[in-house]
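Just the heavy atoms: all of them, side chains too, but no hydrogens, waters or symmetry mates, feed the values below. A, B, ... follow the sequence lines: proteins, then strands. Residue 1 opens every chain. Worth saying up front: this structure is predicted, and the values here are computed from it rather than measured.
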Amino acid sequence: MPSKHIEPPGEEPCRRCKENTFIIVVRSEPLCRDCFIRYVHTKVIKRMESFRVRNADPNRQRKILLPVSFGVSSIPLLNIMDHHLKTQKSKTGRTGFALTILFVDTLGVEKSPANPNLLIQLEERFPDHHYAKVHLEDVFRTEMDDSLLELMPYAEVSKVLPLSEQLAVLINSLTSATARADVISMLKTRLIVQQAQFLGCEGILWGDSTTRLAEKSLTETAKGRGFSLPWQIADGESPYGITFNYPMKDVLKKELVSYVELVQPPLTSLVHREPTNTQISTGSKNTTIDDLMKHYFESVEANFPSIVSNVVRTIGKLEAPYSSSSDSHCKLCKMPVVGGQFGIHGWGGDQEDGLAAPVGNVGQGLCYGCSRSMPQVGR
Amino acid sequence: MPPSPCVLCKTNRAVILRPKDHSKLCKPCFLSVFETEIHHTITSNHLFQRGEKIAIGASGGKDSTVLASVLKTLNGRYDYGVELVLLSIDEGIKGYRDDSLETVKRNAKQYDMPLTILGYDELYGWTMDQVVEQVGKKGNCTYCGVFRRQALDRGAARLGVRHVVTGHNADDVAETVLMNLLRGDLPRLSRTTSIVTSTPSAISTDPNSHTNIKRSKPLKYAYEKEIVLYAHHKNLDYFSTECIYSPEAFRGSARALIKNLERVRPSAILDVVRSGEDMAKLVLSSDEGCEGACASTIPAAEEEVDGCGSVNGRSVGGEMASMEQRLAQNEVVAEQDLEVEMTINHGSGQRHDEHDSGTTLRKPGKKRGGKEKRGQAFLPKKTQKQVMGQCKKCGYLSSQEICKACVLLEGLNKSRPKNGIELGYEADTHRIANGVNDLQMQVD
Ligand SMILES: [Zn+2]
Ligand SMILES: [Zn+2]
Ligand SMILES: [Zn+2]
Ligand SMILES: [Zn+2]
């Protein structure tokens with residue numbers, strides 16, 4: 001979408017440098033192009049303190065994984081990191097870390113997957129980094145255990161199928177668009193984590209903007225995964241056993257949309273634009289909770305950007321319960337389920353749904369939210 | 001489409017698509033499953049005690065009418081051994097409650113339950129019409145909202161009832177969860193998700209008794225749509241009217257979102273409620289001095305739906321806009337402070353942590369306890385550093401020395417021209433002068 005808040009150059013000078021004419025109003029401050037780009041970079045680099053050169057062992061290069069989706073967040077993140085590493089190099093002769101770029105191809109699985117050819121262009125534009133590409137189906141190849149297979153119908157049969165068919169069997173066993181989107185995004189996260197470990201990376205840099213994190217928080221709330229929120233947007237050790245970092249946490253999505261166009265040279269050609277439907281229909285079978293929240297926060301962000309940031313700050317105040325390593329984790333989303341409250345039954349809102357009560361192994365090791373997406377597993 | 005059989009009894013023809021999970025049910029199975037789930041809510045949460053007298057907060061609307069009907073049925077069927085009475089509040093707005101109070105009167109006969117209607121005049125010495133006459137149309141929303149929050153508790157205390165049940169349903173709770181996330185109000189999120197709340201109140205014949213009024217919501221897990229269906233299929237007599245006040249902007253926004261979520265995934269309302277309950281356990285060190293989920297000293301009245309019966313409403317969107325403005329200012333301050341801090345750090349290596357605004361700045365890269373605590377979220381005034389105590393005048397749970405209702409009443413009584421009903425309050429002039437202004441800020 002075109003960013004609405006790029007103004008025609010006015011009379012007023014930039015609030016920061018007081019020299020150039022302003023080109024964009026950012027959080028009610030008129031800024032020129034240079035000051036705006038600096039503003040975005042500062043916000044991101046500020047969150048990268050732990051990766052400074054002085055923290056790096058000169059004999060051992062730190063490696064971090066940066067997954068790209070060719071969205072409006074991950075491409076700017078790569079651009080900023082690339083610039084940051086170049087600055088480190090020119091100032092100190094070395095860098096604080098090295099980047100591995102990973103693209104997960106979802107061709108045949110997602111509605112409008114990014115074109116894998118974009119990866120070639122990306123490598124041409126940012127040649128200093130290591131690049132890797134996997135397909136979502138690889139998640140079955142690289143899983144350490146059979147936890148995914150156990151979630152599939154006819155696990156014994158599915159086991160021997162080709163990977164692509166395993167993925168299809170799993171996705172087709174899901175009965176709603178929301179469930180499919182939910183499971184696909186979790187498979188993606190699992191695959192990215194596996195790849196990070198496989199490629200020897202100590203952590204993952206996620207591109208999520210403020211807006212995306214707020215969206216994610218309410219999406220997970222709506223899916224019944226409120227219990228997992230302390231782990232969903234926090235920097236640091238994740239339940240996946242690897243460090244997560246969210247350097248774009250303080251930048252709004254609309255600011256990134258502008259950044260893509262305003263940075264020199266622009267990143268526009270590298271960003272995959274999903275066909276935007278300005279109106280989403282809640283009556284449609286294809287509409288997901290994720291779509292709904294995305295749409296909702298786009299509209300909140302337009303008029304109330306600080307409310308969006310405040311949602312993220314608020315979620316950040318939730319305290320992760322004390323969980324020992326012996327706590328069981330959900331087989332699908334991998335979040336620690338404190339007290340072993342698996343499945344959708346056994347709480348105050350328990351309902352006598354029209355179907356038979358579950359027998360035996362309740363929820364099959366799926367958390368409440370995952371049980372909603374894979375109800376057939378719980379039965 | 002061929003008629004499909006009910007999934008529960010497998011005999012009758014299904015005539016109802018159950019809103020909660022889209023299962024196809026016959027009418028008797030729907031009614032029974034609806035009642036059974038509320039029974040489950042009551043028993044698994046140990047809401048009632050044998051011999052207890054319980055007041056149903058009755059407005060004549062669908063929620064409280066269904067609540068009265070179902071409780072009557074369940075009390076008979078499962079022998080809870082509780083005594084049910086109806087309690088209605090009359091704000092004293094000419095014409096506004098007439099129809100709904102007539103409905104409640106009929107309900108009292110239909111369910112054979114004693115009914116008490118208490119007016120604002122009896123509870124506060126002022127009807128809303130008199131308040132409007134006194135303060136004009138502009139500021140009266142403040143009065144109505146504050147008075148309404150306490151009315152049921154005060155009324156129950158008058159009746160010597162220690163437990164009030166209200167008709168809050170799953171949609172209301174889910175809406176409140178999302179609303180409080182949007183407003184950044186975790187303490188309130190954790191309060192409103194609990195099924196039982198209680199409020200000490202001392203409006204009783206014995207001035208020394210601080211009666212503890214328990215509040216609970218047995219319909220907490222019932223969908224609004226199922227409540228309507230139940231009322232319809234049971235031919236219940238309720239007063240159906242569009243709420244004449246527009247909801248506060250955050251609530252309105254959350255409500256629209258909940259309705260859309262329900263359309264996309266019917267279980268979503270229940271799922272949000274579940275998330276809210278789980279999140280309440282993660283809200284630590286709430287200022288009530290209990291671990292978030294603890295419900296014993298929680299001011300129930302604060303969770304009441306905002307708004308009042310007055311037609312001259314609030315500006316739609318105003319609440320969000322003014323919060324946005326406050327937050328944006330905080331951000332500017334935080335940004336400036338951070339710049340200052342960084343400059344200072346370069347000079348002396350000193351850092352300051354706490355700011356006057358109560359905002360804790362993140363020290364870049366620093367982590368505490370493995371989990372980063374950065375800029376403390378902005379809290380609405382009401383819940384900031386809230387220490388719960390009791391109002392010195394009336395004993396109602398209050399974060400201030402004198403509760404809001406008493407502050408407002410003092411102002412009203414002081415300026416009352418004729419010698420009206422006095423509740424025996426002493427004048428406290430300087431407080432009253434600022435009282436109303438403070439309240440506007442707290443309530444907004
Ligand atoms: Zn400038
Ligand atoms: Zn899960
Ligand atoms: Zn039936
Ligand atoms: Zn008081």
Side-chain angles (χ1 to χ4, degrees), chain A residues 27-28 46-50 52 176-179 217-218 220-230 234-237 282-283 287-289 291-293 296 300 303-307 309-311 313-321 341 344 347-355 368-369 372, chain B residues 7-8 18 20-21 23-25 33 36-37 40-41 44-45 170 177-178 181-182 184-186 195 220-221 253 257 260-261 263-265 267-268 270-279 281-284 320-321 323-324 327-328 330-332 364-365 367 370-378:
Chain A
R27 312 203 191 193
S28 65
K46 214 173 73 193
R47 301 198 64 91
M48 293 292 294
E49 284 285 317
S50 53
R52 292 170 72 148
S176 71
T178 294
S217 303
L218 262 73
E220 293 301 324
T221 303
K223 289 177 178 175
R225 279 197 208 96
F227 77 95
S228 73
L229 287 177
D235 289 299
E237 191 67 18
T282 52
T287 303
T288 65
I289 288 180
D291 295 337
L292 203 63
M293 286 300 179
Y296 178 76
V300 176
N303 295 308
F304 310 109
S306 302
I307 286 178
S309 322
N310 197 48
V311 168
R313 271 198 298 276
T314 302
I315 298 295
K317 288 204 307 170
L318 292 172
E319 295 278 340
Q341 270 275 339
I344 59 168
W347 68 298
D350 220 345
Q351 61 177 106
E352 202 175 300
D353 40 26
L355 298 149
Y368 180 93
R372 284 287 184 212
Chain B
V7 292
L8 283 183
R18 188 170 187 204
K20 219 174 196 175
D21 59 5
S23 59
K24 291 170 182 164
L25 301 176
V33 97
T36 308
E37 282 179 15
H40 172 77
T41 305
S44 63
N45 290 286
V177 168
L178 294 190
L181 287 179
L182 292 171
D185 193 341
L186 288 180
I195 189 158
K220 183 188 172 188
Y221 301 108
S253 183
L257 191 51
N260 284 332
L261 285 170
R263 251 168 254 146
V264 171
R265 183 188 257 186
S267 72
L270 204 55
D271 300 344
V272 172
V273 174
R274 167 66 181 247
S275 284
E277 289 183 11
D278 287 341
M279 276 186 262
K281 295 175 198 151
L282 309 176
V283 181
L284 291 188
M320 284 179 99
M323 179 163 168
E324 171 67 25
L327 288 169
N330 279 12
E331 280 172 15
V332 171
K367 281 167 195 168
K371 188 167 173 283
E372 180 195 33
K373 298 202 182 127
R374 46 187 307 276
Q376 194 182 334
F378 170 85

Q. Top residue by heavy-atom pair count (under 4.5 Å) with chain A, among B:E331, B:E324, B:M279?
A. B:E324
Q | Contact origin within A:M293 toward chain B - heavy atom pairs under 4.5 Å | A | side chain
(Q) Tell me whether B:E37 is salt-bridged to B:R18, with the criterion being a basic N under 4.0 Å from an acidic carboxylate O. (A) yes
Q | Portion of A:Y296 that has a non-hydrogen atom of chain B nearer than 4.5 angstrom | A | side chain
Q | Any donor-acceptor N or O pair under 3.5 Å, side chains A:T287, A:D291 | A | no
Q | Under 4.5 Å from any heavy atom of chain B - which part of A:R27 | A | side chain
Q. Between B:E277 and B:K220, is there a side-chain N and carboxylate O pair less than 4.0 Å apart?
A. yes
Q. Between B:R265 and chain A, which part of the residue has a heavy atom less than 4.5 Å away: side chain, backbone, both or neither?
A. side chain
Q.
With rounding to the nearest 0.5 angstrom, report the CG to CG distance, B:L257 to B:L182.
A. 7.5 Å
Q. Given that the side chain runs from C-beta out, which part of B:V332 has a heavy atom under 4.5 Å from chain A: side chain, backbone, both or neither?
A. neither
Q. Measuring from A:F227:CZ to A:T221:OG1, what's the distance to the nearest 0.5 Å?
A. 11.5 Å
Q. With a 4.0 Å cut-off, would you call A:R52 and A:E49 a salt bridge?
A. yes
Q.
Counting only non-hydrogen atoms closer than 4.5 Å, does A:Q341 touch chain B with its backbone (N, CA, C, O), its side chain (CB onward), both, or neither?
A. both
Q | Contact leader toward chain A among B:G276, B:A170, B:S253, where contacts are heavy-atom pairs under 4.5 Å | A | B:S253
Q.
Just so I understand: if I count every heavy-atom pair under 4.5 Å between each of B:V273, B:L261, B:I195, B:D278 and chain A, which residue has the most?
A. B:L261
Q: Can you tell which part of A:T288 gets under 4.5 Å to a heavy atom of chain B, answering side chain, backbone, both or neither?
A: backbone
Q. Which heavy atom in B:M320 sits nearest to a heavy atom in A:I307, and how many Å separate them?
A. O-CD1, 3.6 Å
Q) Between A:A177 and chain B, which part of the residue has a heavy atom less than 4.5 Å away: side chain, backbone, both or neither? A) neither
Q: Quick one: pull up OH in A:Y368 and NZ in A:K223 and give me the separation to the nearest 0.5 Å.
A: 14.0 Å
Q. Measuring heavy-atom distances to chain B, does A:L229 have an atom under 4.5 Å in its side chain, in its backbone, in both, or in neither?
A. side chain
